[in-house]
Amino acid sequence: QPALFLIGDPKQAIYGFRGGDVHTYLAAASLAEPAPALSQNFRSRPTLLTAISALYSGAQAAFDAGRIDKPPFVDGRIEFRHVDAGGKRSDGDFVRDGKPAPALTLWRAPLSDDKDAKGNPKPHSAPRSRELATQACVAAIHAALSDARAGQALLDGEPVQPGDIAVLVRSHREATMIQQALALVGIAAVAAGKQSLFATPEARDLHALLLALLHSGDDGRL
């Protein structure tokens, strides 16, 4: 009998900018025969896999115990599965200050100066939260690249380069915020998203130049 085999990952299906649709994935998975999950990760350092496992296993345990309201991946049908290192990567592939770099670093925003009626710090507004997160992100990237220039941040034995670093955000607007903040400290970056190439300032400048070349007798365009 003909058959259709699908390989799916709900944690990848959340990425709408890649055309993913987690609800479609879950609907398909509910109808398909169960398949064995992949048990090894060949892309990540062992300590990173251990850290991620501890993070989400702890979150799942907290949800099961009623200490938090939502499961780790919001939808309870998406389970966290521990995976083992596949042996392609080692902890020494990324070195900071002569030793394997931390696998996972958590950053907490400083408390707000605004107080409520009881004198407790108020939550940051969404724009302020994005601003603080952007500043922290740029500072961390700048520190890594500064260490790399001093020979203290190495990836596979070579100094870390800007192209080795990626920042994951929720929207193109947030990507632009990070990109502009990096540019202010002299770090070049590109932003991937659905924005049309023809809507960029570079495209408009090139369009003006081409029109001037095409109509060289037009003083206004020139």
Side-chain angles (χ1 to χ4, degrees), residues 6-41 43-85 101-141 165-179 181 191-194:
L6 301 175
I7 299 175
D9 181 350
K11 293 184 293 300
Q12 290 291 323
I14 66 172
Y15 293 119
F17 69 88
R18 293 180 181 171
D21 184 342
V22 69
H23 299 292
T24 298
Y25 167 85
L26 292 171
S30 68
L31 300 175
E33 293 184 15
L38 300 178
S39 61
Q40 291 180 301
N41 180 308
R43 301 171 64 181
S44 302
R45 296 187 298 148
T47 50
L48 176 60
L49 297 176
T50 301
I52 293 295
S53 181
L55 179 68
Y56 285 114
S57 297
Q60 183 66 52
F63 172 72
D64 293 339
R67 295 195 300 272
I68 58 176
D69 296 331
K70 294 182 179 180
F73 298 106
V74 181
D75 192 316
R77 294 173 293 174
I78 303 176
E79 301 178 12
F80 174 76
R81 298 181 183 273
H82 172 79
V83 294
D84 297 317
L104 181 66
T105 300
L106 299 181
W107 172 82
R108 181 176 180 178
L111 296 176
S112 172
D113 293 331
D114 295 333
K115 302 291 193 300
D116 60 19
K118 297 182 179 179
N120 298 316
K122 291 183 178 179
H124 292 294
S125 65
R128 179 57 177 162
S129 296
R130 293 189 184 95
E131 180 183 352
L132 290 170
T134 298
Q135 293 171 357
C137 180
V138 171
I141 293 174
I165 301 171
V167 181
L168 300 182
V169 293
R170 295 186 61 179
S171 66
H172 185 78
R173 182 166 65 90
E174 291 177 357
T176 301
M177 286 180 59
I178 297 288
Q179 184 183 32
K194 288 186 176 180

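Quick caveat: nothing in here was measured; it's all calculated off a predicted structure.
- The shortest non-hydrogen separation linking Leu104 to Ala51 is CB-CB, 3.9 Å.
- Residue Gln60 comes nearest to Pro72 through the heavy atom pair OE1-CD, 3.2 Å, listed as atom of the first residue, atom of the second, then distance.
- Here the side chain of Arg130 pairs no donor or acceptor atom with the backbone of Met177 at under 3.5 angstrom.
- The shortest side-chain heavy-atom distance between Asp84 and Leu49 does not fall under the 4.5 Å cut-off.
- Looking at Val167 and Ile141, their side chains come closer than 4.5 Å, going by heavy atoms from C-beta outward.
- Residues Ser112 and Pro121 share a closest heavy-atom pair of O-CB, 3.6 Å.
- Side-chain atoms of Thr134 and Glu131, non-hydrogen and from C-beta on, never get closer than 4.5 Å to each other.
- Taking CD1 of Ile52 as the start and OG of Ser57 as the end, the distance is 10.5 Å to the nearest 0.5 Å.
- Listed here is the closest heavy atom pair of Ser44 and Asn41: N-OD1, 2.9 Å.
- Taking each heavy atom of Phe63 and Pro71 in turn, the nearest pair found is CD1-N, 3.5 Å.
- For Asp116, the CG atom counts as densely surrounded, since its 6.0 Å shell holds more than 12 non-hydrogen atoms of other residues, nucleotides or ligands.
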Quiz item: How far apart are the C-alpha atoms of Leu55 and Phe80, what are their side-chain angles, what is the distance that settles it, and do they pass the side-chain contact (heavy atoms from CB on, under 4.5 Å) test?
Solution: CA-CA 10 Å; Leu55 179 68; Phe80 174 76; over 6 Å; no
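- The line from CD of Gln135 to CD1 of Ile178 is 10.0 Å long, rounded to the nearest 0.5 Å.
- Side-chain contact check for His124 and Ser129: no donor-acceptor pair (N or O, by modelled atom type) lies under 3.5 Å.
- In terms of heavy-atom proximity, Ala191 sits nearest to His172 at CB-CE1, 4.5 Å.
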Exercise. List the steps, then state whether salt bridge (Lys or Arg N to Asp or Glu O under 4.0 Å) holds for Arg77 with Asp75.
Key: CA-CA 5 Å; Arg77 294 173 293 174; Asp75 192 316; 2.8 Å; yes
